[in-house]
Amino acid sequence: MGKGKTNLFCSFEGPEMCGFTNEKHADIFDWTRIKGPTPSRNTGPLADNTCGTRRGHYMYVEMSGRGPRQNAMLLSSRYFGHKEQCVEFYYHMYGRHVGTLNVYTKKAPSSDLETPVWRAYGNQGNVWSKALLSVPEKVTTQGYQVVFEAVHFSNGYQGDIAIDDVRVIDGSCMGVNGRPLPRT
């Protein structure tokens, strides 16, 4: 019997959110599953990345009413692999007061977060952008969670952060001839 191949995809279309959960103790506010535009003007996406319509869902954090250094963390279920894995996701960071999106790989459910393995800061424009994150074999064989953390840095409200279309696959994030993997 051969080893199973990992190919997980989450578009947040179902209410179960593919096993993603909000952190219960180490953050201040939560990620929210939404469809259509975010409530604040001049912030967030108008539609999800998967469908490109107002009927598709995604996860986002509302920055209105948040103080400096307040954060929200979204945790994946636990992933395992037999070799290096690639985590692909789309993010949207738009508005004058956008903070930081940190991504961590958490090795054990009870462990503390270490240094972010990926980060974006500030206004990235009113577009969905793709990110690729390589997870080394020494982490995948032990098991890990992907943690998305949105951090607010000002008292302003214009600046929501959203994620969509999280994909985990076995192997490197680079395909043939060094080109990124195709979208499926």
Side-chain angles (χ1 to χ4, degrees), residues 1-35 48-51 56-62 69-93 99-121 128-152 160-175 180-184:
M1 184 171 179
K3 294 180 180 176
K5 186 162 176 72
T6 304
N7 189 356
L8 305 168
F9 179 75
C10 183
S11 63
F12 301 106
E13 296 308 317
E16 75 288 341
M17 301 182 334
C18 312
F20 279 85
T21 58
N22 279 295
E23 168 62 40
K24 297 194 183 338
H25 306 289
D27 62 357
I28 306 298
F29 59 103
D30 289 335
W31 288 78
T32 302
R33 181 175 165 265
I34 188 174
K35 62 181 177 178
D48 80 325
N49 185 68
T50 313
C51 305
H57 291 84
Y58 58 93
M59 299 298 292
Y60 93 107
V61 290
E62 175 64 46
R69 301 244 180 248
Q70 291 187 339
N71 67 331
M73 290 190 282
L74 185 69
L75 288 74
S76 74
S77 56
R78 199 154 163 80
Y79 302 132
F80 290 90
H82 300 289
K83 57 184 176 178
E84 177 183 17
Q85 291 184 328
C86 181
V87 177
E88 174 188 276
F89 63 95
Y90 285 80
Y91 66 98
H92 192 286
M93 300 172 66
T100 299
L101 176 61
N102 295 314
V103 182
Y104 304 87
T105 52
K106 187 174 178 181
K107 295 176 188 150
S110 61
S111 67
D112 292 331
L113 294 177
E114 297 176 11
T115 304
V117 293
W118 186 93
R119 172 182 285 160
Y121 176 80
W128 285 100
S129 300
K130 181 164 84 170
L132 298 171
L133 167 66
S134 292
V135 183
E137 180 178 344
K138 67 180 181 179
V139 175
T140 66
T141 55
Q142 295 174 4
Y144 66 99
Q145 290 176 285
V146 177
V147 180
F148 293 95
E149 178 192 40
V151 183
H152 193 237
D160 297 334
I161 297 175
I163 61 167
D164 201 4
D165 298 342
V166 179
R167 179 180 174 202
V168 179
I169 60 164
D170 286 335
S172 170
C173 287
M174 299 307 281
L181 294 165
R183 181 180 171 154
T184 58

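Values reported hereafter were calculated over all heavy atoms of this structure, with side chains retained and with hydrogens, waters and symmetry mates removed.
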Nearest non-hydrogen partners of [X] and [Y], listed with the distance:
X      : Y      : value
Cys18  : Ser77  : O-OG, 4.2 Å
Ile169 : Arg167 : CG2-NE, 3.5 Å
Ala150 : Val61  : CB-CG2, 3.4 Å
Asp27  : Met73  : OD2-N, 2.8 Å
Lys106 : Arg78  : O-NH1, 4.3 Å

Inset, instruction - Start with the C-alpha gap between His57 and Glu13, add the side-chain angles, then the distance that decides, and say whether side-chain hydrogen bond (donor to acceptor under 3.5 Å, both in side chains) holds. - result: CA-CA 5 Å; His57 291 84; Glu13 296 308 317; 3.3 Å; yes
As an exercise, state the distance from [atom1] of [X] to [atom2] of [Y], rounded to the nearest 0.5 Å.
X      : Y      : atom1 : atom2 : result
Met59  : Thr32  : CE    : OG1   : 6.5 Å
Phe12  : Met17  : CZ    : CE    : 7.0 Å
Glu137 : Asp170 : CD    : CG    : 10.5 Å
Glu16  : Thr21  : CD    : OG1   : 13.0 Å
Asp30  : Asn22  : CG    : CG    : 3.5 Å
Asp48  : Ile163 : CG    : CD1   : 12.5 Å

Inset, instruction - Would you tell me whether Asp165 and Ser11 have side-chain atoms, one donor and one acceptor, within less than 3.5 Å of each other? - result: no
Legend entry - Side-chain (Asn102) to main-chain (Arg119) donor-acceptor, under 3.5 angstrom: no
Inset, instruction - Determine yes or no for a side-chain-to-main-chain donor-acceptor pair under 3.5 angstrom, with Gln85 supplying the side chain and Phe80 the backbone. - result: yes
Legend entry - Trp128: which of Tyr90, Tyr58, Tyr60 passes ring pair (Phe, Tyr, Trp, His ring centres under 6.0 Å): Tyr58
Legend entry - Validation row: Met93, Leu101 side chains within 4.5 angstrom (heavy atoms): yes
Inset, instruction - State, yes or no, whether a side-chain contact exists between Val135 and Cys86 at a heavy-atom distance under 4.5 Å. - result: no
Inset, instruction - Using side-chain contact (heavy atoms from CB on, under 4.5 Å) as the criterion, list what pairs up with Ser76, not counting sequence neighbours. - result: Phe20, Tyr79, Gln145, Val146
Legend entry - Aromatic contact, Phe148 with Phe89 (centres under 6.0 Å): yes
